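Order of the sequence lines sets the chain letters (A, B, ...), proteins ahead of strands, with each chain counted from 1. All figures in this text were calculated on a predicted structure; none of them were measured in a lab.
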Protein chains: 2
Amino acid sequence: MLTRRAKYAMRALSHLARTPNYGPVLIADLATAERIPKKFLERILLELNRRGVLQSRKGRGGGYLLNRAPDQITIAEIVRAMDGPLAPVPCVSQTAYGHCVECPDERHCGIRAIMQEVRDAIAGILDKATLADLVQAERTGRYRHRA
Amino acid sequence: MLTRRAKYAMRALSHLARTPNYGPVLIADLATAERIPKKFLERILLELNRRGVLQSRKGRGGGYLLNRAPDQITIAEIVRAMDGPLAPVPCVSQTAYGHCVECPDERHCGIRAIMQEVRDAIAGILDKATLADLVQAERTGRYRHRA
DNA sequence: AATCAGTCTACTATATCGGTATAGTAGATG
DNA sequence: CATCTACTATACCGATATAGTAGACTGATT
């Protein structure tokens, strides 16, 4: 399940993508417009800044703005930044590989074999879907993944 | 991410699937063989029993056994029983539909539109993969999903 | 310097996860 | 029918994650 963090992040980024010049927009304005607790949103934006998704400007006339065009920001990147790896088990994660403590032999693990397919399916969709697609989907209510 | 509960459940069920007549096997023996804490495993098996995946026999010579053939038990069913719905957001779940509290309008939610694709992809794989496939994958180290 | 606006640290409440303890109930067998 | 055996049920516990709050600090304008 996606956390609220990830959903808030997507809504805030979508807001910026719909803003002229992609910002800058004040944290407070973003929080009000998207109904996100301000201090919570602060932390979310800070992390997206660190990851190079956003940039910030301090002082009067400042705020947050997109650091890249919406079609250059993937949904996968946002979800990974907020909720961690997409993979259902660490041993099939591309971005955060790790062993399962309880696994006696990774090469003969049926769970791993099946979950590898699941990871590939999820990543296949979310690495292709961009912030631009998200904004488009908000308008149409639809999104169709193309292999 | 899958919880340990779900992985333990799959290992225990796989063990039963590999046992003559699919059981009965004592909780204690399952726990030892699959290196699962016994009391924790009890709770897992109890839930699988309630869901009709397993049946139990009390008294001497009793234990747990599969209630259906391994190819009639899907991985999706196991994961849902242990970790809840497969969908990344409740508003696209088939088995546990619910609104997102923060969502102002479900019909124009881009997150929902994209996550619908993700849910379908996950369910597409895990509703087709069975306990029999899991056992097979343990032997070969491979599993290939067929659309 | 005053002010504005993002940054950082610390703290809280609640829930979930992984696991344990204790008590109880149902069935098989001598 | 007593009594094992073995599953069932409830309550509890510590660690971690989630969601959110408070306040001080740093940097940029004007």
With respect to the side chain of B:Arg4, which nucleotide from C:dG6, D:dA19, C:dG19 is positioned closest?
C:dG19
Contact under 4.0 Å: B:Ser56 side-chain N or O vs D:dT8 OP1/OP2
yes
Please enumerate all residues that pass side-chain hydrogen bond (donor to acceptor under 3.5 Å, both in side chains) together with B:Glu102, with sequence neighbours excluded.
A:Lys7
Side-chain N or O of A:Asn49 closer than 4.0 Å to phosphate OP1/OP2 of C:dG6:
no
Determine, stepwise, if the pair A:Glu138 / B:His108 fulfils side chain to side chain donor-acceptor pair (under 3.5 Å).
CA-CA 5 Å; A:Glu138 280 166 13; B:His108 292 86; over 6 Å; no
Hey, is the side chain of A:Tyr8 poking within less than 4.0 Å of OP1 or OP2 on D:dA19, counting only N and O atoms?
no
A quick test of your reading: do over 12 heavy atoms of other residues, nucleotides or ligands sit less than 6.0 Å from CZ of A:Arg18?
yes
Nearest-angstrom distance from the residue atom CD of B:Glu47 to C1' of C:dC17:
15 Å
Just the rounded figure in Å: distance from C1' of D:dA19 to CE of A:Met1.
17 Å
Pair listing, side chain to side chain donor-acceptor pair (under 3.5 Å) test, anchored in residues 19-30 of chain B, at least two apart:
none
May I have all residue pairs that pass salt bridge (Lys or Arg N to Asp or Glu O under 4.0 Å) and include part of residues 52-75 of chain A, sequence neighbours excluded?
A:Arg68-A:Glu77
How close or far is atom C1' of D:dC7 from atom CG of B:Leu65, stated in whole angstroms?
13 Å
Sequence neighbours excluded, which residues qualify as side-chain hydrogen bond (donor to acceptor under 3.5 Å, both in side chains) partners of A:Lys39?
A:Glu42
Under 3.5 Å donor-acceptor pairs involving side-chain atoms of residues 93-101 of chain B, not counting sequence neighbours:
residue, atom, partner, partner atom, Å
B:Ser93, OG, B:Thr95, N, 3.3
B:Ser93, OG, B:Ala96, N, 2.8
B:Tyr97, OH, B:Glu106, OE1, 3.2
B:Tyr97, OH, B:Glu106, OE2, 2.6
B:His99, ND1, B:Glu106, OE1, 3.1

Which parts of residues 9-17 of chain A get close to DNA chain D, meaning a heavy atom less than 4.0 angstrom away?
none
Any salt bridge (Lys or Arg N to Asp or Glu O under 4.0 Å) pairs touching residues 124-135 of chain A, not counting sequence neighbours?
A:Arg80-A:Asp127
What pairs of nitrogen or oxygen atoms, one from the protein and one from nucleotides 25-30 of chain C, lie under 3.5 Å apart?
residue, atom, partner, partner atom, Å
C:dA26, O4', B:Lys58, NZ, 2.9

side-chain hydrogen bond (donor to acceptor under 3.5 Å, both in side chains) partners of B:Arg43, counting only residues at least two apart:
none
Tell me, which of residues 26-46 of chain A have any heavy atom that sits under 4.0 Å from an atom in DNA chain D?
A:Pro37, A:Lys39, A:Phe40, A:Arg43
Contact list for residues 120-141 of chain B, test ring pair (Phe, Tyr, Trp, His ring centres under 6.0 Å), sequence neighbours left out
none
To the nearest Å, give me how far apart CD (A:Glu102) and C1' (C:dC17) are.
13 Å
Can you name the residues that form a side-chain hydrogen bond (donor to acceptor under 3.5 Å, both in side chains) with A:Thr3, not counting sequence neighbours?
A:Asp83
